[in-house]
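See below for the structure under consideration.
In this text, all values refer to a predicted model and were calculated from it rather than measured experimentally. Just the heavy atoms: all of them, side chains too, but no hydrogens, waters or symmetry mates, feed the values below.
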Amino acid sequence: MPTQLEGRRGGAVGAKIDYRDGHWIVPDHPIIPFIEGDGTGPDIWRAAAKVFDAAVARTSGGKRSVVWREILAGEKSFNQSGDWLPEETLGVIREHRVAIKGPLTTPVGGGIRSLNVALRQVLDLYACIRPVRHIAGVPAPVKQPAKLDIVIFRENIEDVYAGIEYKAGSPEADALIEFLQRRFGAKIRAGSAIGIKPMSKFGSQRLIVKAIQYAIKRRRPSVTLVHKGNIMKFTEGGFRDWGYEVAKERFAEQTVTEAEGAKRKEDVSKVMIKDRIADAMFQQLVLRPDEYSVIAAPNLNGDYLSDAAAAQVGGLGLAPGGNVGDGYAVYEATHGTAPKYAGQDKVNPSSVILSGVMMFEELGWEDVGRAIVRGLEGAIASKHVTYDLARQLPGATEVSTSAFADAIIEHLS
């Protein structure tokens, strides 16, 4: 049984979420840590938590609840302790396994390059999962935004985000250039900055396995490996080859390659594994979005694709995200902190709300996720929306962050 803690909510004793044999063990009153975030983070977190609590209570008839536990990171933590990402915060996430966060600022100057990247690397949250689909009523720049319904699995630890780079003219860069020229005959212009792009078979395959497992579980028709292997043959090309290899080794009975497409007609339950060159994939998402379902990509490609896809369906304000490892997960708003709107109760909280939907779905509370989505769709249909949507929706009434949360709650079903 989950370990009980002294924390209570409405008379219920909160308990820890556990993870065994690849499955979450979730009590009726789980303790879930949260980081409210910087800038507009407090505003959108308050709105999101209100929606979460209402949806959990309504779908369970009051039998379930979340015991929220605040942990610190970012500016709030730095102002209190001088530490952007305290070890205590990491320890609490490890202890409780699942957390959710608002946007965090990136420290300027030395120290941590990115708090988000640090969280992913320290906790080995190797899969950044970004579902992208259109919500009815949301203005979009393309004619048929509803055709785009994809889930992007972005490798989260390796690639250029591993942080191995040296400044132009530094002793490290000059020494590395000299070594590459002398040892391998590399042609590198003097005075260049140098970056190293590590991509391993292990890291690539565990990400691709998670993408294939998702497609099988959710009955999605395909997984597309997106890479630049025509140029970077041993890193990006390796990602592609390792993907096909692990699909054949571990999912032979449940998958078929695009090259074996004839078999697809014999058994439509099989997931098709295919690949696309990264630059061509951007065009495909615009011209033929309904041909893609789940995408697996290296870190940088996945970063670009996630934001580009979100732009087609209304932007990052409605884009959820989750960073998931084996037995640990941190869900997050995917947009920035927007400090100029901090404390104004103005911005759209949908990104962190939809990230909460992902979290509840992962934990097996699908009914909560469905209720929240219906509530969001209802609020947008009623045209009582935050300023970013109101300025694009004829006849809309602009409301505050908190009032938008109330509108979502009103339409929960």
Side-chain angles (χ1 to χ4, degrees), residues 17 19 23-34 44-45 47-68 96-102 127-138 146 148-153 210-211 213-220 293-294 306 310 313-314 316-324 328-334 348-381 404-413:
I17 295 170
Y19 186 81
H23 299 284
W24 298 102
I25 311 299
V26 184
D28 286 339
H29 307 283
I31 300 169
I32 299 180
F34 71 92
I44 63 175
W45 172 254
K50 190 175 182 181
V51 171
F52 298 156
D53 289 342
V56 171
R58 187 166 301 185
T59 55
S60 69
K63 295 179 181 178
R64 296 179 301 194
S65 66
V66 175
V67 178
W68 301 107
H96 295 285
R97 294 189 174 274
V98 176
I100 187 167
K101 58 179 281 297
C128 179
I129 305 173
R130 295 276 297 273
V132 185
R133 72 175 184 87
H134 184 246
I135 295 176
V138 174
L148 181 65
D149 183 4
I150 61 172
V151 182
I152 298 173
F153 281 72
K210 194 171 281 291
Q213 289 173 334
Y214 180 93
I216 293 170
K217 180 179 179 180
R218 301 284 178 168
R219 299 183 182 276
R220 287 188 165 248
S293 177
V294 176
S306 297
V313 296
L316 290 178
L318 291 105
N323 301 290
V324 182
Y328 299 95
V330 176
Y331 294 87
E332 64 181 357
T334 58
N348 190 337
S350 296
S351 179
V352 73
I353 288 173
L354 289 170
S355 298
V357 169
M358 291 179 65
M359 178 182 72
F360 289 124
E361 289 176 343
E362 177 72 13
L363 296 177
W365 291 12
E366 288 89 352
D367 55 343
V368 178
R370 288 192 297 268
I372 294 172
V373 170
R374 287 193 293 266
L376 180 60
E377 291 173 340
I380 292 172
F404 186 52
D406 291 336
I408 295 172
I409 293 170
E410 180 183 343
H411 291 89
L412 290 173
S413 62

Would you list the atom pairs, donor with acceptor, under 3.5 Å between side chains in residues 355-366 and any protein atom, with sequence neighbours excluded?
from   : atom 1 : to     : atom 2 : distance (Å)
Ser355 : OG     : Gly321 : N      : 3.1
Ser355 : OG     : Glu332 : O      : 2.6
Ser355 : OG     : Ser351 : O      : 2.8
Glu362 : OE2    : Trp24  : NE1    : 2.8

Going by atom type alone, with no hydrogens or angles, which donor-acceptor pairs under 3.5 Å involve a side-chain atom of residues 405-413 and a protein atom two or more places apart or on another chain?
from   : atom 1 : to     : atom 2 : distance (Å)
Asp406 : OD1    : Lys50  : NZ     : 2.6
His411 : ND1    : Ala407 : O      : 2.8
Ser413 : OG     : Arg374 : NE     : 3.1

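Here the side chain of Thr334 pairs a donor or acceptor atom with the backbone of Ala319 at under 3.5 angstrom.
Pairing each heavy atom of Pro33 with each of Ile31, the nearest pair is CD-O, 3.9 Å. Residues Gly137 and Ile380 come closest through the heavy atom pair C-CG2, 3.9 Å. Ala99 approaches Ile32 most closely through the heavy-atom pair CA-CG2, 4.2 Å.
Ile25 places none of its side-chain heavy atoms less than 4.5 Å from the side chain of Tyr19. Within the 4.5 Å cutoff, no side-chain heavy atoms of Ile100 are placed close to those of Val330. Annotation: side chain of Val151 is not in contact with side chain of Val132 (no heavy-atom distance under 4.5 Å).
Ring orientation note: the planes of Trp68 and Trp45 are nearly perpendicular, at an angle over 60° on the 30°/60° scale.
For Arg370, the side-chain hydrogen bond (donor to acceptor under 3.5 Å, both in side chains) test picks out no residue, with sequence neighbours left out. For Tyr328, the side-chain contact (heavy atoms from CB on, under 4.5 Å) partners two or more places apart in sequence, or in a different chain, are Arg94, Arg97, Leu125. Every residue meeting the salt bridge (charged side-chain N to carboxylate O under 4.0 Å, His left out) condition with Arg133, not counting sequence neighbours, appears here in chain and number order: Glu377. Remark: Asp28 engages no residue in a salt bridge (charged side-chain N to carboxylate O under 4.0 Å, His left out) (not counting sequence neighbours). Contacts of Arg130 classified as side-chain hydrogen bond (donor to acceptor under 3.5 Å, both in side chains), with partners at least two apart in sequence or in another chain: Asp307.
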Notebook entry, point to check: So Asp53 and Arg58, salt bridge (charged side-chain N to carboxylate O under 4.0 Å, His left out) or not? Walk me through it.
Noted result: CA-CA 9 Å; Asp53 289 342; Arg58 187 166 301 185; over 6 Å; no
Next item on the list: Could you walk me through whether Val294 and Tyr214 pass side-chain contact (heavy atoms from CB on, under 4.5 Å), step by step?
Entry: CA-CA 8 Å; Val294 176; Tyr214 180 93; 4.1 Å; yes
Next item on the list: Kindly indicate, with the supporting measurements, whether the criterion side-chain contact (heavy atoms from CB on, under 4.5 Å) is fulfilled by Phe404 and Asn348.
Entry: CA-CA 8 Å; Phe404 186 52; Asn348 190 337; 3.7 Å; yes
Next item on the list: Carefully, step by step, assess Lys210 and Val324 under the rule side-chain contact (heavy atoms from CB on, under 4.5 Å).
Entry: CA-CA 10 Å; Lys210 194 171 281 291; Val324 182; 4.2 Å; yes
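Listed by first then second residue, pairs satisfying salt bridge (charged side-chain N to carboxylate O under 4.0 Å, His left out) with a partner in residues 59-68 read Arg64-Asp367, not counting sequence neighbours.
A distance of 14.5 Å separates OG of Ser65 from CZ of Phe52, quoted to the nearest 0.5 Å.
Residue Ser350 is tested with Ile135, Ile44, Leu376, Val51 for a side-chain contact (heavy atoms from CB on, under 4.5 Å); the sole match is Leu376.
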